[in-house]
Amino acid sequence: MSLKTKKLFNIYEKLLKLYGLQGWWPLIDFKGTNPTKTGSVQGYHPGDYSFPRNELQQFEICIGAILTQNTAWPNVEKALLNLKTINALDPKKILFLEDKKLKQAITPAGYFNQKAKKLKLFSKFYISLKGKTPAREELLDVWGIGPETADSILLYAYKQPEFVVDAYTRKVFGPCFDEGFNSINSDATYDDIKLLFEINLPRDYKLYQEFHALIVEHAKNIGKK
DNA sequence: AACCAGGACGTGA
DNA sequence: TCACGTCATGGT
């Protein structure tokens with residue numbers, strides 16, 4: 001086991017001890033519980049990596065990944081609930097939904113003009129997959145799907161071992177990159193950081209899911225003070 | 001009352 | 001390539 005591997009596992013264990021299992025990705029149709037969460041956000045399922053269990057849950061995760069771009073999750077949840085209320089949490093329904101109604105439903109998540117376009121384009125793409133797992137490059141070719149959204153979709157909706165890098169990852173690991181991981185500094189690119197994790201950790205989607213969720217939880221906590 | 005959230009795209013240099 | 005502006009609502 002390399003030094004970097006040991007360091008990453010060490011950090012993972014510390015975060016796990018601090019915050020416990022996170023149970024990402026949250027699903028609005030699943031009434032899970034997670035004592036580390038507060039507020040209205042439900043549907044986390046700590047320790048259960050069997051989700052998504054059907055195509056609708058899978059699609060919901062994809063839509064959530066798009067809606068949460070630069071947006072706090074509680075706002076996304078409101079948008080998802082609105083879509084569910086009008087029975088539109090489904091690729092075909094979204095594709096044929098009036099623009100005005102779609103934008104109205106997702107208003108709480110912000111950027112509703114851009115995101116309405118993104119949801120329609122992704123729905124079309126999702127239908128074209130016919131149940132197949134998309135390649136990362138295919139996802140990136142879809143307008144509105146960048147590296148983080150693509151990796152979130154692959155990791156949480158398709159259980160693919162793609163490590164997700166976000167602003168929180170940089171916040172938490174920035175100092176570590178400068179000190180202990182001397183091949184990568186804090187201005188490393190998205191792919192640099194992604195590869196650091198993927199090269200030095202076993203390709204395990206459960207580990208990647210939990211690690212990323214823990215990083216987000218930790219980043220939120222250190223941001224408060 | 002600013003500030004920022006689980007980013008991505010378009011533009012000009 | 002890369003730095004910067006844009007997109008928009010809701011919570012603190």
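Residue numbering restarts at 1 for every chain, and letters A, B, ... go by the order of the sequence lines.
Between the P atom of B/dG7 and the CZ atom of A/R170 lies a distance of 12 Å, rounded to the nearest Å. Counting to the nearest Å, the C1' atom of B/dA5 and the CD atom of A/Q69 are 12 Å from each other. Here the C1' atom of nucleotide B/dG10 and the OH atom of A/Y111 are 15 Å apart, to the nearest Å. One can place CG of A/L139 at 17 Å from P of B/dG7, the figure rounded to the nearest angstrom. We find that CH2 of A/W73 is positioned 12 Å from P of B/dG7, with the value rounded to whole Å. As rounded to whole Å, 13 Å separates atom P of B/dG7 from atom CG of A/D151. A/F122 places its CZ atom 13 Å from the P atom of B/dA8, with the value rounded to the nearest Å.
Contact annotation: the side chain of A/I94 approaches that of A/F59 to within less than 4.5 Å [non-hydrogen atoms, C-beta and beyond]. Between A/F51 and A/K159, the closest side-chain pair of non-hydrogen atoms is not below 4.5 Å. Considering only heavy atoms from C-beta on, A/D191 stays 4.5 Å or farther from A/V165 through its side chain. For the pair A/F211/A/D204, no side-chain contact is recorded, criterion being any heavy-atom separation below 4.5 Å from C-beta on.
C/dG10 and B/dC9 have their P atoms separated by 24 Å, with the value rounded to a whole Å. On the P atoms, B/dC4 is 16 Å away from C/dC4, given to the nearest whole Å. For the P atoms, the distance linking C/dG5 with B/dC3 amounts to 15 Å, nearest Å. Comparing the same atom, C1', in C/dG11 and in B/dA8 gives a spacing of 23 Å after rounding to whole Å.
As judged by a 4.0 angstrom heavy-atom cut-off over every strand, A/K115 is placed among residues making no nucleic acid contact. If you check every strand for non-hydrogen atoms under 4.0 Å, A/F112 touches sugar and phosphate atoms only. Across all strands shown, A/I145 has heavy atoms under 4.0 Å from sugar-phosphate atoms exclusively, and none from any base.
Aromatic ring orientation, A/F163 versus A/F197: parallel (interplanar angle below 30°, classes split at 30° and 60°). The aromatic rings of A/F122 and A/Y126 sit tilted, their planes meeting at an angle between 30° and 60°. The aromatic rings of A/Y49 and A/Y205 lie perpendicular to each other, with more than 60° between the two planes, well past the 30° mark.
Of the side-chain N and O atoms in A/T68, none sit less than 4.0 angstrom from OP1 or OP2 of B/dG7. Put simply, A/W143 has a side-chain N or O that comes within less than 4.0 Å of OP1 or OP2 on B/dG10.
Residue A/T71 is the one, among A/K78 and A/T71, whose nearest nucleotide of DNA chain C lies closer to the 5' end (criterion: closest heavy atom). In this structure, A/E148 and A/K117 both approach DNA chain B, and ranking their closest nucleotides by distance from the 5' end singles out A/E148.
The nucleotide range of DNA chain C contacted by chain A, defined by atoms under 4.0 angstrom from heavy atoms of the protein and reported 5' to 3', is C/dC7 to C/dG11.
Around the NZ atom of A/K84, the shell of radius 6.0 Å holds no more than 12 heavy atoms that belong to other residues, nucleotides or ligands.
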